[in-house]
Number of protein chains: 2
Amino acid sequence: MKDMTERPLPTFDDVLQAHERIAPHIHRTPVLTSSYFNELTGAELFFKCENFQKAGAFKVRGASNAVFGLSEEMAAKGVATHSSGNHALSLSYAAGRRGIPCHVVMPRTAPEAKKAAVRGYGGIITECEPSTSSREEVFAKVHEETGADFVHPYNDPRVIAGQGTCSRELVEQVSDLDAVIAPIGGGGMISGCCLTLSNIAPDMEIYAAEPEQADDAYRSFKAGRIIADDAPVTIADGLKVPLKENTWHFVSNHVTDILTASEQEIIDAMKLTWQRMKIVMEPSCAVPLATILKNPDVFRGKRVGVVITGGNVDMDKLPWMAA
Amino acid sequence: MKDMTERPLPTFDDVLQAHERIAPHIHRTPVLTSSYFNELTGAELFFKCENFQKAGAFKVRGASNAVFGLSEEMAAKGVATHSSGNHALSLSYAAGRRGIPCHVVMPRTAPEAKKAAVRGYGGIITECEPSTSSREEVFAKVHEETGADFVHPYNDPRVIAGQGTCSRELVEQVSDLDAVIAPIGGGGMISGCCLTLSNIAPDMEIYAAEPEQADDAYRSFKAGRIIADDAPVTIADGLKVPLKENTWHFVSNHVTDILTASEQEIIDAMKLTWQRMKIVMEPSCAVPLATILKNPDVFRGKRVGVVITGGNVDMDKLPWMAA
């Protein structure tokens, strides 16, 4: 199975090309501010609202870049991925815009609402058992049968270049930022930030925020090599996956620091954001704010861009509600 | 007790003056669109997001106009009102900005969270029993003791002129609207729309949306006279109050029609908006969308401004959660 992660690392030119390519298919999302949170943190925070993005998350940037960069011949066979989250939605959305098939391998135990959402965007689901071995086996079969192009959720250079368009917009929208902070799971968004900012704003600090209960990137960063956990448990369900070689390259070379927050701190920051900013965002997006509130000395007096990565939430299972 | 509703009806000049007066104290709120809702309704909807407004609701427009229009001498005595909702918050916010006292009479049974929010903005609460007679008695006492200026939540001409600034912004932000729709309770927002639009866009249709279970404005409109209900029960708790003479003037002269929706339709529209638009808004704000979904023939093919009136929600008591 050929994996597009074997391609060379993306360059800033790839980000510029990606931005032009995906512009018709994505929103240039707004940046919101909150005097309440500025007062609370002593920093000036600028929230880049990818929860308002197409398909509800920044992932549509990388997915669209992969889909619309395919030759006609390759595109005809469609795209394929394994994901039960925003990447599956985003790739289905992008493939639908191009009118090509999108094959998604998902555990049969994934919530019906997530399957319905993927199908709503035109994705074709093949179910696997909820184990890595079953997922790999089923995916290999789908891949072989369809010849579809594999778009990895974060380690694919086309995806990293696509995610790099987000921080490029942020820098255009807000002048003189001192730092940017974004959640880290597999590292696609953070790698995009590193790629873009190391080119256009090399002095800017880049912070990654991670749940304590899924702190493999934090431990990797401290150890100087990739450490992967098996099935960490956190409500920030977009952040459970480990770094891979391409994202590790960017994280290890360009990230200023990785900060962590507890489950309760994440839930509190999420609820407070809904209450005060009146926006719906995922638990994963609350991790950066939770770490800012926890480490005021790191951010006080700075102008900080905060990436709100997505807004796809199960409204019937909000984490501050009693189970 | 002198009541400012005895002043003459506001004019469009009052709206223009109000806009200039309150500009430093309010947000010019954004207008959001949703391809999902456009497809669902067959209309082009433009959501004016007063849930992102200062103090979380459009009411801060009218409240700020009243507070900042006071002479130094009158302002020194402060302002007073009775409200357990967004008007209490908004008046406290505006008075705080001017540095004058704000006295709020609230039922002792009001949720602690609401009392805390009013106090958070600097409001001074005097509690009454949860009855109209107690409220009037306590308010008269507060009013007499303080000499504060009474700012009625919606029947005050200064308040109506302030609310009229919202539709003025909307018309500046979106060209060629065919219609505007907003929730109706006491009629402050709708009266503001009528006042402004009858002057600057006299052909525009003006729809008011009301819960079936608190449809006194609907019945008033059909009967041609004010009908007031005693304590209607609806989750749209901002819309329980009856029309008064000043708001009735605008509603009876300028509103195109009043449409109603059931509690379940309101809850469904609210949840769907949170899910698809990723914004937090109050049950009251969902009533317009619920009536648009219920009456597609009225809106199909039209460009419609939809006023999202506020975003102050108890996150622990969302109406789609089982009690």
Side-chain angles (χ1 to χ4, degrees), chain A residues 25-36 39-40 47 49-58 86 89 93 96-97 113-114 116-117 120-121 267-282 285-286 308-323, chain B residues 25-36 39-40 47 49-58 86 89 93 96-97 113-114 116-117 120-121 267-282 285-286 308-323:
Chain A
H25 311 292
I26 66 162
H27 288 308
R28 186 181 171 91
T29 53
V31 174
L32 298 184
T33 60
S34 159
S35 48
Y36 174 80
E39 205 164 303
L40 195 64
F47 296 90
C49 287
E50 292 289 298
N51 52 333
F52 296 151
Q53 188 50 271
K54 286 284 179 189
F58 78 89
N86 286 330
L89 277 184
Y93 163 84
R97 295 273 293 197
K114 292 211 169 183
Y121 281 115
I267 294 171
D268 291 348
M270 178 181 175
K271 188 176 178 185
L272 199 59
T273 310
W274 287 42
Q275 285 171 324
R276 302 303 301 223
M277 293 189 64
K278 320 297 181 188
I279 60 174
V280 167
M281 63 175 201
E282 300 174 11
C285 317
I308 304 285
T309 46
N312 294 321
V313 179
D314 183 345
M315 289 293 169
D316 295 316
K317 282 190 186 165
L318 297 175
W320 55 80
M321 297 291 185
Chain B
H25 311 291
I26 65 162
H27 288 308
R28 185 180 170 92
T29 54
V31 175
L32 297 184
T33 60
S34 159
S35 48
Y36 174 80
E39 205 163 303
L40 194 65
F47 296 90
C49 288
E50 293 289 297
N51 51 332
F52 296 150
Q53 188 52 271
K54 285 285 179 190
F58 77 89
N86 286 330
L89 278 184
Y93 163 84
R97 295 274 291 198
K114 292 210 170 185
Y121 282 115
I267 294 171
D268 291 347
M270 177 181 176
K271 188 176 178 185
L272 199 58
T273 309
W274 286 43
Q275 285 172 323
R276 302 303 302 223
M277 293 188 64
K278 320 295 181 189
I279 59 173
V280 167
M281 62 176 201
E282 300 174 10
C285 317
I308 304 286
T309 43
N312 294 323
V313 179
D314 183 346
M315 290 293 169
D316 295 316
K317 281 191 186 167
L318 298 174
W320 56 79
M321 298 292 185

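Proteins get letters first, then strands, A, B, ... in listed order; numbering begins at 1 in each. Values in this document were obtained by computation on a predicted structure and should not be read as measured data.
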**Message:** Does any backbone or side-chain atom of B:Ser34 lie under 4.5 Å from a heavy atom of chain A? Answer side chain, backbone, both or neither.
**Reply:** neither
**Complete:** A:Ala286 meets the side chain to side chain contact (heavy atoms under 4.5 Å, CB included) criterion, sequence neighbours left out, with A:Ile266, A:Ala269, A:Met270, A:Met281
**Heavy-atom proximity to chain A below 4.5 Å, by part of B:Asp314** = neither
**Asked** Side chains of A:Leu318 and B:Met321: closer than 4.5 Å at any heavy-atom pair?
**Response** yes
**Request:** Please list, chain by chain and in numerical order, all residues satisfying side-chain hydrogen bond (donor to acceptor under 3.5 Å, both in side chains) with B:Asp268, sequence neighbours excluded.
**Result:** B:Gln264
**Request:** Go through A:Lys278, A:Lys271, A:Met277 and name the one with the most non-hydrogen pairs under 4.5 angstrom from chain B.
**Result:** A:Lys278
**Asked** When you measure from the side chain of B:Tyr93 to the backbone N and O of B:His25, does any donor-acceptor pair fall under 3.5 Å?
**Response** yes
